[in-house]
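Inspection log for the structure reproduced underneath, given as structure tokens.
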Amino acid sequence: MALIVQKYGGTSVANPERIRNVANRVARYKALGHQVVVVVSAMSGETNRLIGLAKEIMPDPDPRELDVMVSTGEQVTIGMTALALLELGIKAKSYTGSQVKILTDDAFTKARILDIDQHNLKKDLDAGYVCVVAGFQGVDANGNITTLGRGGSDTTGVALAAALGADECQIYTDVDGVYTTDPRVVPEARRLDKITFEEMLELASQGSKVLQIRSVEFAGKYKVKLRVLSSFEEEGDGTLITFEENEGSMENPIISGIAFNRDEAKITVAGVPDKPGIAYQILGPVADANIDVDMIIQNVGADGTTDFTFTVHKNEMNKALSILREKVQGHIQAREIHGDDKIAKVSVVGVGMRSHVGIASQMFRTLAEEGINIQMISTSEIKIAVVIEEKYMELAVRVLHKAFDLENA
Ligand code: ADP
Ligand code: ASP
Ligand code: MG
């Protein structure tokens with residue numbers, strides 16, 4: 001007997017029929033004698049619909065109230081999933097985040113899980129129930145409803161698996177595993193049987209939304225056995241996230257995958273004095289406003305001034321621009337501050353990069369041959385990321401996928 005956490009995403013619970021499919025799969029696992037915890041997302045499109053409704057009332061919605069609204073999507077699907085299980089004669093009980101007590105901090109719309117109380121779930125599992133838990137939501141120390149950021153149900157699933165000491169966490173979605181890149185953009189993309197945890201972490205952080213990055217972080221921290229599978233197919237082992245690299249790094253593919261992301265915007269602070277403390281003076285107030293900064297570039301100075309460029313989430317560009325214009329520009333005597341949200345980031349990822357040189361130049365040559373201009377570059381040991389004009393994103397992903405021969409194993 002094993003304890004298994006199964007997470008089903010929005011398309012997997014998009015209508016009553018699909019919810020019945022979920023219940024049937026759970027029933028099969030129960031019949032094998034396993035204990036099952038089910039985590040569900042809102043029906044596909046529902047979270048976007050709720051955000052849209054909020055914005056009709058307040059264009060930049062108050063985050064506490066937004067969380068009160070968007071968390072309702074998952075409350076509907078836990079009830080429906082529990083009903084579908086009851087209809088099959090299976091003992092089932094639904095739980096909201098606060099009923100479990102998934103305790104988070106109070107960063108509404110992007111809260112972090114601090115603690116999970118597993119006692120009620122354990123008691124019900126031992127009594128033979130399937131526990132159906134709402135993904136994406138938690139509760140802060142003051143009893144406020146919080147949500148975990150877009151795609152956060154993945155994190156609920158993995159965090160529950162960690163807290164319960166589950167034998168496996170299965171992420172059921174609308175593709176049958178993790179691919180070399182998003183198969184919707186590159187139809188030749190290839191499913192990977194396994195991928196290292198480090199590579200998955202990079203792919204998720206660079207925008208592959210198949211797993212939310214925090215779910216991968218949880219899996220790494222608590223060594224959760226994590227697998228991505230299709231909820232539409234009965235067979236198939238999906239993709240396993242592994243913790244060991246293959247013995248001898250020469251066996252690893254050089255590049256495992258390509259990620260992309262349209263969610264960032266670029267902010268340039270031009271003509272700032274080239275002197276100590278400037279980076280801090282620019283980024284300090286941005287950090288104080290809880291705005292995450294991703295890539296940062298400072299050019300070599302000329303004539304005593306320099307340009308400073310960094311990226312933030314598109315949703316936070318305007319907020320960051322007003323902070324800089326109001327609190328920073330006069331202070332540091334910057335000539336100009338402007339934002340550009342028509343950018344995209346494309347990243348190639350692979351642990352094999354560690355033992356191979358020339359990957360960056362191959363990437364840059366491939367983009368140059370298509371006339372795609374690179375605006376920013378950042379690297380890590382296993383990743384090279386570039387910022388380009390948004391309209392070239394899909395082209396860049398396709399030509400890179402081909403250049404690195406990812407369609408062939
Ligand atoms: P869910 O609603 O089940 O959480 P998501 O839409 O969040 O599903 O994530 C699954 C989607 O992730 C796929 O439909 C696919 O378009 C996209 N995706 C992006 N990168 C990859 C990748 N490398 N492998 C597989 N899917 C990917
Ligand atoms: N329903 C939430 C979202 O759309 C959480 C999730 O699907 O994981 O972002
Ligand atoms: Mg998702």
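Just follow the structure's listing: the first ligand is 1, and inside any ligand the first atom is 1. Side chains included, hydrogens not; waters and symmetry mates left out as well; all remaining heavy atoms used.
Between Gly151 and ligand 2, at least one pair of N/O atoms sits closer than 3.5 Å. In terms of polar-atom proximity, Ser12 is not counted as a contact of ligand 1, lacking any N or O under 3.5 Å from an N or O of the ligand. At under 3.5 Å, not a single nitrogen or oxygen of Lys7, backbone or side chain, sits near a nitrogen or oxygen of ligand 2. Not one N or O of Val178 is nearer than 3.5 Å to an N or O of ligand 1, by distance alone.
Side-chain atoms of Arg20 and Asn15 form no donor-acceptor pair, as typed in the model, at a separation below 3.5 Å. Side-chain contact check for Thr146 and Thr104: at least one donor-acceptor pair (N or O, by modelled atom type) lies under 3.5 Å. Looking only at atom types and distance, the side chain of Thr366 has no donor-acceptor partner in the side chain of Glu369 under 3.5 Å away.
Counting protein heavy atoms only, atom 27 (C) of ligand 1 is closest to Val210 CB, 3.7 Å. Among all non-hydrogen protein atoms, the one lying nearest atom 2 (O) of ligand 1 is Gly10 N, 3.1 Å. The single protein non-hydrogen atom nearest to atom 4 (O) of ligand 1 is Lys7 NZ, 3.0 Å, given as residue, atom name and distance. The shortest contact between atom 24 (N) of ligand 1 and any protein heavy atom is with Tyr179 N, 2.9 Å. For atom 13 (C) of ligand 1, the closest non-hydrogen atom on the protein side is Asp174 OD1, 3.5 Å. Nearest protein heavy-atom neighbour of atom 3 (O) of ligand 1: Thr173 OG1, 2.7 Å. Distance from atom 14 (O) of ligand 1 to its nearest protein heavy atom, with residue and atom name: Arg184 NH2, 2.5 Å.
Proximity of Gly9 to ligand 2 is not established, as no heavy-atom distance is less than 4.0 Å. Using a non-hydrogen distance threshold of 4.0 Å, Gln212 does not register as a contact of ligand 1. For the pair Gly177 and ligand 1, a heavy-atom separation below 4.0 Å is found.
The proximity of Glu74 to ligand 2, defined as any non-hydrogen pair under 4.0 Å, is limited to the side chain. Proximity of Val175 to ligand 1, defined as any heavy-atom pair under 4.0 Å, is confined to the side chain (atoms from C-beta onward). With a 4.0 Å heavy-atom cut-off, ligand 1 is reached by the backbone of Lys209 and by its side chain too. Residue Ser41 touches ligand 2 through its side chain alone, judged by heavy-atom distances below 4.0 Å. Looking at Arg150 against ligand 1, nothing comes within 4.0 Å, counting heavy atoms. By the criterion of a heavy-atom distance under 4.0 Å, the backbone of Thr181, and not its side chain, is placed next to ligand 1.
Residues Ile195 and Thr239 are in side-chain contact: their nearest non-hydrogen atoms beyond the backbone lie under 4.5 Å apart.
No donor-acceptor distance shorter than 3.5 angstrom exists from the side chain of His34 to the backbone of Lys30, with no hydrogens or angles considered. No donor-acceptor distance shorter than 3.5 angstrom exists from the side chain of Glu389 to the backbone of Ile343, with no hydrogens or angles considered. Checking side-chain atoms of Ser215 against main-chain N and O of Leu211 turns up no donor-acceptor pair under 3.5 Å. Using modelled atom types, one side-chain atom of Asp167 and one backbone atom of Leu3 make a donor-acceptor pair closer than 3.5 Å.
A salt bridge does not link Asp117 with Lys122: none of the charged nitrogens is closer than 4.0 Å to a carboxylate oxygen. Contact check on Asp105 versus Arg112 returns no salt bridge, with no Lys/Arg side-chain nitrogen under 4.0 Å from an Asp/Glu carboxylate oxygen.
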Under 3.5 Å, sequence neighbours excluded: what are the donor-acceptor pairs made by side chains of residues 390-397?
unit_1: Glu394; atom_1: OE2; unit_2: Arg262; atom_2: NH2; d: 3.1

Compile the donor-acceptor pairs under 3.5 Å between side chains in residues 400-409 and protein atoms, sequence neighbours left out, one pair per line.
unit_1: His401; atom_1: NE2; unit_2: Thr180; atom_2: OG1; d: 2.7
unit_1: Asp405; atom_1: OD1; unit_2: Asn408; atom_2: ND2; d: 2.7

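Of the listed residues (Lys209, Gln212, Arg150), the one carrying the non-hydrogen atom nearest atom 9 (O) of ligand 2 is Arg150. By heavy-atom distance, the residue among Leu192, Asp182, Thr180, Ile195 lying nearest atom 15 (C) of ligand 1 is Asp182.
Remark: Lys266 is not positioned above the aromatic ring of Phe310, lacking an NZ or CZ atom under 6.0 angstrom from the ring centre and at most 45 degrees off the axis.
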